[in-house]
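Heads up, the thing below is written out as structure tokens.
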There are 2 protein chains.
Amino acid sequence: MSISSRFSVGIHILALIELNNEGVTSSEFLAASVNTNPAVIRKLMGMLKKAGLIEVQPGIAGAKLAKELSRITLFDVYKAVNVVQEKELFSIHGSPHPDCFVGRNIQHTIEPIFTAAQLAMENVLRNVTMEDVVGDIANKENIC
Amino acid sequence: MSISSRFSVGIHILALIELNNEGVTSSEFLAASVNTNPAVIRKLMGMLKKAGLIEVQPGIAGAKLAKELSRITLFDVYKAVNVVQEKELFSIHGSPHPDCFVGRNIQHTIEPIFTAAQLAMENVLRNVTMEDVVGDIANKENIC
DNA sequence: TATCATGTAATTGTTTTGATTACAAGTTTA
DNA sequence: TAAACTTGTAATCAAAACAATTACATGATA
């Protein structure tokens with residue numbers, strides 16, 4: 001299993017909107033860079049818009065950032081594109097046998113551990129901003 | 001998306017082997033407690049055996065722990081049942097456009113961040129042993 | 001009005017998961 | 001030895017998640 005690539009594509013979209021801020025960043029333009037279908041991009045743009053990260057309008061070409069990059073963390077993107085639900089990074093097998101000692105109690109024992117593990121992962125994402133990401137991309141080359 | 005319940009079932013299996021150590025912990029017995037099919041259990045037993053966590057033999061009923069519980073961490077179980085590959089908790093979209101500034105560099109920028117996030121999650125699992133888990137289950141009740 | 005963009009629904013192929021069935025092979029015991 | 005029981009393993013199946021694709025309604029603008 002793997003967390004959906006919607007997450008990395010979401011990051012890609014935001015980075016490209018920033019780096020292309022003099023041009024028009026349409027779904028077609030984004031799709032070419034990501035190498036996917038414009039409809040996939042539009043779906044993701046809708047999610048990013050709903051989360052207040054970008055501004056897009058029907059009929060008007062191009063997306064713009066709704067916040068400064070330094071105020072958008074990877075966690076914001078992660079939540080926006082809906083790749084992992086709260087407390088559901090790990091799935092726990094349902095309906096173990098209630099007559100059994102282990103079956104009756106294991107879920108409550110395991111759940112807080114799984115939640116803590118998920119939180120630790122998410123905290124790493126909280127500490128990286130899109131500004132960091134774009135800065136790193138920009139450092140790799142001088143000319144587009 | 002969610003990490004497969006193979007992980008929580010694997011934990012369930014090890015805990016029950018310990019708590020039932022006076023009886024015979026067969027795949028059928030385990031399947032009843034987990035509430036699944038014995039063949040599913042046997043597949044997982046094979047994985048746990050391969051990882052050196054339990055001892056099982058063809059024809060001989062029941063599994064035994066191959067190590068003390070205090071020497072088995074949740075990370076060991078997680079690796080044993082193969083729910084997440086190394087560096088692959090997050091999937092990154094493949095083949096972004098190489099002519100694009102962002103497309104060319106985003107993978108290398110994102111990858112170490114994703115790896116760090118995965119590692120943070122895994123480190124939580126490394127710090128919990130099966131002894132902790134079984135102790136917690138045992139604390140919940142006095143009689144089986 | 002013609003053109004182009006976004007928003008959104010429907011369809012399709014792929015992959016993963018978990019359940020199930022079936023059976024070969026090993027072990028025990030009557 | 002034969003019957004009964006266990007593990008090991010392969011094959012099959014349905015359900016769910018993903019991503020790609022097509023199609024079309026709606027909004028904006030020249």
Side-chain angles (χ1 to χ4, degrees), chain A residues 1-10 12-13 17 20 23-51 54-64 66 81-85 88-97, chain B residues 1-10 12-13 17 20 23-51 54-64 66 81-85 88-97:
Chain A
M1 90 88 224
S2 255
I3 290 174
S4 164
S5 67
R6 282 204 302 279
F7 185 24
S8 66
V9 174
H12 192 141
I13 289 172
I17 291 174
N20 186 45
V24 175
T25 312
S26 66
S27 63
E28 191 171 358
F29 178 78
L30 284 162
S33 173
V34 172
N35 191 29
T36 184
N37 194 287
V40 171
I41 298 293
R42 288 200 289 273
K43 179 135 206 244
L44 283 170
M45 289 198 308
M47 292 178 170
L48 296 172
K49 176 185 181 178
K50 193 173 168 192
I54 66 175
E55 289 167 357
V56 210
Q57 284 184 341
I60 302 182
K64 298 288 176 189
V81 300
N82 222 14
V83 282
V84 178
Q85 304 306 309
E88 290 186 6
L89 175 58
F90 299 89
S91 58
I92 301 182
H93 56 294
S95 50
H97 202 297
Chain B
M1 89 87 225
S2 255
I3 290 174
S4 165
S5 67
R6 283 202 303 278
F7 185 24
S8 67
V9 174
H12 192 140
I13 290 173
I17 290 174
N20 186 45
V24 174
T25 313
S26 66
S27 63
E28 192 170 357
F29 178 78
L30 284 161
S33 173
V34 172
N35 191 29
T36 182
N37 193 287
V40 172
I41 298 293
R42 289 201 287 273
K43 178 130 207 248
L44 282 171
M45 289 199 307
M47 292 179 171
L48 296 172
K49 176 184 182 180
K50 194 174 167 192
I54 67 175
E55 288 167 358
V56 209
Q57 284 183 339
I60 301 181
K64 297 289 176 190
V81 300
N82 222 14
V83 282
V84 179
Q85 305 305 308
E88 290 186 7
L89 175 59
F90 300 90
S91 58
I92 301 183
H93 56 294
S95 49
H97 203 297

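So that the names make sense, note that chain A is the first sequence line, chain B the second, and so on, each numbered from 1.
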Quick one: does any side-chain atom of [X] pair with a main-chain N or O of [Y] as donor and acceptor, under 3.5 Å?
X       : Y       : answer
A/Ser2  : B/Glu88 : yes
A/Ser91 : B/Ser5  : yes
B/Lys49 : B/Val56 : yes
A/Ser8  : B/His93 : yes

What integer distance in Å separates [X]:[atom1] from [N]:[atom2]?
X       : N      : atom1 : atom2 : answer
A/Arg42 : D/dT21 : CZ    : P     : 13 Å
A/Ile41 : D/dA19 : CD1   : C1'   : 11 Å
A/Phe7  : D/dC18 : CZ    : P     : 14 Å
B/Leu30 : D/dT6  : CG    : P     : 12 Å
B/Asn37 : D/dA11 : CG    : C1'   : 14 Å
A/Leu44 : D/dA20 : CG    : C1'   : 13 Å

Closest non-hydrogen atom pair between A/Val81 and A/Arg6, with its separation: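 Answer, listing the atom of A/Val81 first, then A/Arg6: O-NE, 3.0 Å.
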Return the minimal non-hydrogen interatomic distance between B/Gly23 and B/Lys64, and the atom names on each side.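 For B/Gly23 and B/Lys64, the tightest heavy-atom pair comes out as O-NZ, 3.9 Å.
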Provide the start and end nucleotides, 5' to 3', of the part of DNA chain C that has atoms under 4.0 Å from heavy atoms of chain A.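 The contact span of chain A on DNA chain C goes from C/dA5 to C/dT17.
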Counting neighbours of NZ on A/Lys50 that are heavy atoms of other residues, nucleotides or ligands and sit closer than 6.0 Å, is the number greater than 12?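 No, NZ of A/Lys50 has 12 or fewer neighbouring heavy atoms, counting only those of other groups under 6.0 Å.
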State which of D/dT6, D/dT22, D/dT7 makes the closest approach to the side chain of B/Glu28.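 So the side chain of B/Glu28 is nearest to D/dT6.
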Identify, between A/Arg6 and A/Gln57, the residue whose nearest nucleotide on DNA chain D lies closer to the 5' end.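 Looking at the nearest nucleotide for each, A/Arg6 comes out on the 5' side.
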Starting at the 5' end of DNA chain D, which residue's closest nucleotide do you reach first, B/Ala63 or A/Ser5?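 Counting from the 5' end, the first nearest nucleotide belongs to B/Ala63.
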Under 4.0 Å between a side-chain N or O of [X] and OP1 or OP2 of [N]?
X       : N      : answer
A/Lys43 : D/dC18 : no
B/Ser27 : D/dT7  : yes
A/Thr36 : D/dA20 : yes

Which part of the nucleic acid, if any, lies within reach of A/Lys50 when heavy atoms closer than 4.0 Å are counted: base, sugar-phosphate only, or nothing?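 Nothing, no heavy atom under 4.0 Å.
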Contact class for A/Ala39 (heavy atom, under 4.0 Å): base, sugar-phosphate, or nothing?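 Here A/Ala39 touches the bases of the nucleic acid.
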